[in-house]
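Numbers restart at 1 for each chain; the letters A, B, ... are given by sequence-line order, proteins then strands.
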Amino acid sequence: MKSYQATRTAPAPDSAVVRGPGEVEVRLRVNGEVRRMFVEPRVSLLDALRDRLDLHGTKKGCNQGACGACTVWVDRRRVLACLTLAISCENREVTTIEGLSEGDTLHPMQQAFLDADAFQCGYCTPGQIMSAVALLDEGHAGDDDEIREWMSGNLCRCAAYPHIRSAIRRVRDEQEAGRAAR
Amino acid sequence: MSPAIGATLNRVDGRFKVRGESRYSAEVPVTNLTHAVLVNAKIANGRITDIDTSEAERAEGVLAVLTHRNLGRVATVPRLLPSLAGLAAPGQTFFPLQDENVHYAGQPIAVVVADTIERADHAGTLIRVAYEPAPATTLLDQGRDRAYVPERIFGGLLPGQASRGDVEKALAEADVRVEASYRFAPNHHNPIEPGASTAVWEDADRLTIYDSTQGPSAVQFTVAELLGLPPISIRVVSHAVGGSFGSKAMVWHHPALAALAARHVGRPVRLVLTREQMFTSCGHREEQEQRITIGARADGRITALRHHKISLTSPFDDWAEPSLQSASVAYTSPNYEGVYHLVRGNTITPTFMRAPGEASGMFALECAMDELAERIGVDPLDLRMRNYSETDPESDHPWSSSGLRECYERAAELFGWHERDPRPRSRREGQWLIGTGLASALYPVTQPVNPQRARARIYNDGTAVVEAGVSEFGTGVFTAMTQVAADALGLPVERVRFVGGSSDLPNITAAVGSAGTSAVGSAVHLAACQLRDELIRRAVADDHSPLRGADPARVEVRDGKMVLCDRPDVGETYADLLHRTMTPDVEVLGTWNPPPQDAGYGVHTFGAQMAEVAVDADLGVVRVRRMVGVFAPGRVLNRKTAHSQLMGGMLWGLGQALMEATRMDPRLGRWANASLADYLVPVNADAPDVVVDTVEVRDDVVNPIGIKGVGEIGVVGAAAAIANAVHHATGRRQYELPITLEKLL
């Protein structure tokens, strides 16, 4: 057991590299591409994406982790970019709405949102779609109750919720039909 | 070619939105950009005795700290006039940072400009302010003894009181009287995109503002007056707006403050309101109480209606949302009295919030109607039909169109209303008490007072562009306008592009009061029709045209080809004509002169709302299980986008009924829950599936395309239907919104 004295006299200094508080170089891998920027360590992933990388598809609705408009994936998990420091995402894979579709072809969830009119003003939509795609990967779209619950971190003030559920159901059913066919 | 109007076209901007490509106001790329943040007063009343900005000014990256000491005076503060009027439209007749006085908590007292948002934010925390506070009024109950009846409300547009017949006598003689008071918590719009302005000075008298607004020209006119510049100096651009619900209907301080800050630092400035600032920077639905007395005969026929409202307004303006408007004409009532009472308090001037007035006024009326139905033992739907008025009870003019009966019939069928057991607490599923309720929806059709314009241009390849200065904040107006223009020109929608979102385009009033689509739609329709007629005129006058000499009235356009109505094989395309005559394009300006508000008809939109709730018998939790809304909004331009708006409106009614309340902490005079975590709005789990349907009514009075608007009517009555369902489930009447669970324990 370590004694107080032993701790105090431990010779090893903190081995972590101290960076900041001024601007430091941060490298992010975003949508498969390495992006370099000089930012203060206090810069959120959200502001880094929007203001430094012009990836404005990720939206700022509350900057407090309450609305879900800034939902992106970090290592394929849903994350609120406003509550995440950009510097903490080094060596991780960040995916935003801009990285979802392949070229001009919409991701099936984007197409389903479009067809179901699952949005009006469109401001929460990128976050909704990032959540919705992750939801299917997580296996949280078994029935409507489950979709309701696991999509409740993304506010839609236009209240397109019933249409959001129908878009998710469509993609889920297409995926299941696709798997059954294989 | 089938008509585009009425079809279920996907949103023309939808592809950009699902890819995150639409640029909202804070996302327009600007070089040399700086960031501004507002610092807000922490007291509700009093004065600033000292403001020390030295530490903030020294902070890294800071370019300027502006307060009342160095901002400079604005040229004029325009009068408060609803933006539908098409003129300058400030949200209140007070502009901050002009002196040391504080009138409400959250009033801007400093603007910090820095090179990054983080540095501006941090510097804002370094400003030291000393106040001399004074007693404040922030709750209705603190000022009831000082209530007054204003001469006019709503920017001077409506009288403070109105009456017809002899209400006291009729109430005294009534067989049945229902009297009740309803209290409403303040509500905030909370669009997910906060208000945002980016100001760019091209030179000393040329300013571009990228602003999140319902009315680009309203921002242009308002900022011009504040800055003392001519309108030609200011261009306002609004590409995509992330929701508004009334918070961006009037012009608040941030566009002008961004412009002033940008001029001060000599660089472009972006000013984005924080979520907390959204509770103190762009108005709200005011705290209010309404007292209703209905007098009726034993058969339920209403003989008298008395409707009083008392609400809190600002020190500056006599503002009350017009809660007594639709309720005064919803049913036959020969004797009527409506009075607004106001109390001045320490608040920003309240403002429009979706279904402004009707969301609260029709709640009160429709809950009282439910009580009357119960009192005399009549089905609530039957009571509405017994009191249905074939004419506008105020003017006795016929309705331009109604459809209320048809809405109720259709809603009853979709909902299964007639299977209902009217006795309260008659249905139980386990721990859940089940109840159903209904309410009428009414919303006035308000006409813009000035001409509305749109420009239509066709190119010699047969594609057309149609332009008007309206912004797209989720209504689907760009999509609907593409359809209107396509039908009038006889072109498929793929060959028509609608461009909006700038004050440089033909002037359209702010899209408010459910009047936006009718204003721009009428102008677009007229512009496109005139353009089509011009091309037909040229064709029949052209010696080389197959249509030479034809009667223009006998020519129609199908898929871009002008043909004889009775000989569709004879004709030529727009492109053929323009190529042959070596014409690059043809352009016309369409102008719609709206009819006067009183054109010999009562003009209202009608609908019927039904809801089913489950109330936990032990815990008081209310869940809305299903909602049916049927509306008669005149012509429906796009079934898909119109239904989305109506559905969203109904779910707004759910929020109003069960969740939405901004709570005042009267000790501090500040909002206690100014965040999206604490101000509850419906989330996905709260929203049931919603059945929306429309009844087509033809209306030749309101505008050339017969549309009455879908923006607000979906909200009206939804909360009352839910409250009435809660009573049916539990036997307990609800007199206060929102209906939180402690009220049911």
Enclosure of B:Glu276 CD (heavy-atom neighbours >12, cutoff 6.0 Å) = no
request  = Could you give me the CA-CA distance, side-chain angles and deciding distance for B:Asn10 and A:Asp115, then say whether side chain to side chain donor-acceptor pair (under 3.5 Å) is met?
outcome  = CA-CA 6 Å; B:Asn10 281 349; A:Asp115 293 341; 2.9 Å; yes
note = Minimal heavy-atom distance between B:Pro688 and A:Pro162, with the atoms involved, is O-CG, 3.6 Å
Chain A contact via B:Thr8 - side chain, backbone, both or neither, heavy atoms under 4.5 Å = neither
request  = Find the distance between CD (A:Glu98) and CD (B:Glu21) and round it off to the nearest 0.5 Å.
outcome  = 8.0 Å
inquiry  = Heavy-atom pairs under 4.5 Å with chain B - which of A:Gly57, A:Gly61, A:Cys67 has more of them than the others?
reply    = A:Gly61
request  = Answer with side chain, backbone, both or neither: which region of A:Ile129 has an atom nearer than 4.5 Å to a non-hydrogen atom of chain B?
outcome  = side chain
query = Can you say whether B:Glu472 sits under 4.5 Å from chain A via the side chain, the backbone, both, or neither, judging by heavy atoms?
reply = neither
inquiry  = Between the side chains of A:Asp54 and B:Arg23, is the shortest nitrogen-to-carboxylate-oxygen separation below 4.0 Å, so that they form an ion pair?
reply    = yes
Engaged part of B:Phe16 at the chain A interface, taking heavy atoms whose separation is under 4.5 Å = neither
ask   = Below 4.0 angstrom, N of the basic side chain to O of the carboxylate: do B:Glu193 and A:Lys60 qualify?
value = no
ask   = With the threshold set at 4.0 Å, does a side-chain nitrogen-carboxylate oxygen contact exist between B:Asp686 and A:Arg148?
value = no
query = At a heavy-atom separation under 4.5 Å, does A:Glu146 approach chain B through its side chain, its backbone, both, or neither?
reply = neither
ask   = B:Met647 versus A:Tyr161: any side-chain heavy-atom pair under 4.5 Å?
value = no
request  = Counting only heavy atoms closer than 4.5 Å, note whether A:Gln110 contacts chain B via side chain, backbone, both or neither.
outcome  = both
remark   = Honestly, the part of B:Ser22 sitting under 4.5 Å from a heavy atom of chain A is backbone
request  = Show the numbers, then the answer: is there a side-chain contact (heavy atoms from CB on, under 4.5 Å) between B:Asp689 and A:Asp144?
outcome  = CA-CA 10 Å; B:Asp689 285 336; A:Asp144 263 31; 4.2 Å; yes
task = Working to the nearest 0.5 Å, report the span between SG of A:Cys121 and OH of B:Tyr24.
result = 5.5 Å
remark   = Per-residue tally against chain B (heavy atom, under 4.5 Å) across A:Gly153, A:Ala69, A:Ser101 peaks at A:Ser101
query = What part of A:Asp145 gets closer than 4.5 Å to chain B, counting heavy atoms only: side chain, backbone, both or neither?
reply = neither
query = In terms of heavy-atom pairs under 4.5 Å, which option from A:Ser152, A:Gly122, A:Ala159 contacts chain B the most?
reply = A:Ser152
task = Could you tell me which portion of B:His35 (side chain, backbone, both or neither) has an atom closer than 4.5 angstrom to a non-hydrogen atom of chain A?
result = side chain
query = What is the distance from atom CH2 of B:Trp652 to atom CZ of A:Arg157, rounded to the nearest 0.5 Å?
reply = 4.0 Å
task = Answer whether the closest heavy-atom distance between the side chains of B:Arg19 and A:Ile97 falls below 4.5 Å.
result = no
remark   = Separation between CD (B:Glu27) and OH (A:Tyr123), nearest 0.5 Å, reads 5.5 Å
key: Candidate pair B:Ser644 and A:Asp117, rule side chain to side chain donor-acceptor pair (under 3.5 Å), full reasoning   = CA-CA 7 Å; B:Ser644 284; A:Asp117 210 35; 2.6 Å; yes
key: Audit row: A:Asn63, B:Arg275, side chain to side chain donor-acceptor pair (under 3.5 Å) steps and yes/no   = CA-CA 7 Å; A:Asn63 216 26; B:Arg275 180 53 53 184; over 6 Å; no
key: Which portion of B:Leu676 sits near chain A, non-hydrogen atoms under 4.5 angstrom   = both
remark   = Honestly, the part of A:Leu55 sitting under 4.5 Å from a heavy atom of chain B is neither
request  = Measure the spacing between NZ of A:Lys59 and CD1 of B:Ile192 and express it to the nearest 0.5 Å.
outcome  = 13.0 Å
request  = Quick one: which of B:Leu651, B:Asp13, B:Val272 has the most heavy-atom pairs under 4.5 Å with chain A, could you say?
outcome  = B:Leu651
task = With rounding to the nearest 0.5 Å, note down the distance linking OG1 in B:Thr116 to CZ in A:Arg42.
result = 6.5 Å
message = For chain A, which candidate among B:Arg270, B:Glu60, B:Arg119 shows the most heavy-atom pairs at distances under 4.5 Å?
response = B:Arg119
key: Electrostatic pair B:Glu118-A:Arg52, nearest N-O below 4.0 angstrom   = yes
ask   = Distance-only, no hydrogens or angles: does the A:Thr125 side chain make a donor-acceptor pair with backbone N or O of B:Lys17 under 3.5 Å?
value = no
key: Structural part of B:Pro682 lying under 4.5 Å from a heavy atom of chain A   = both
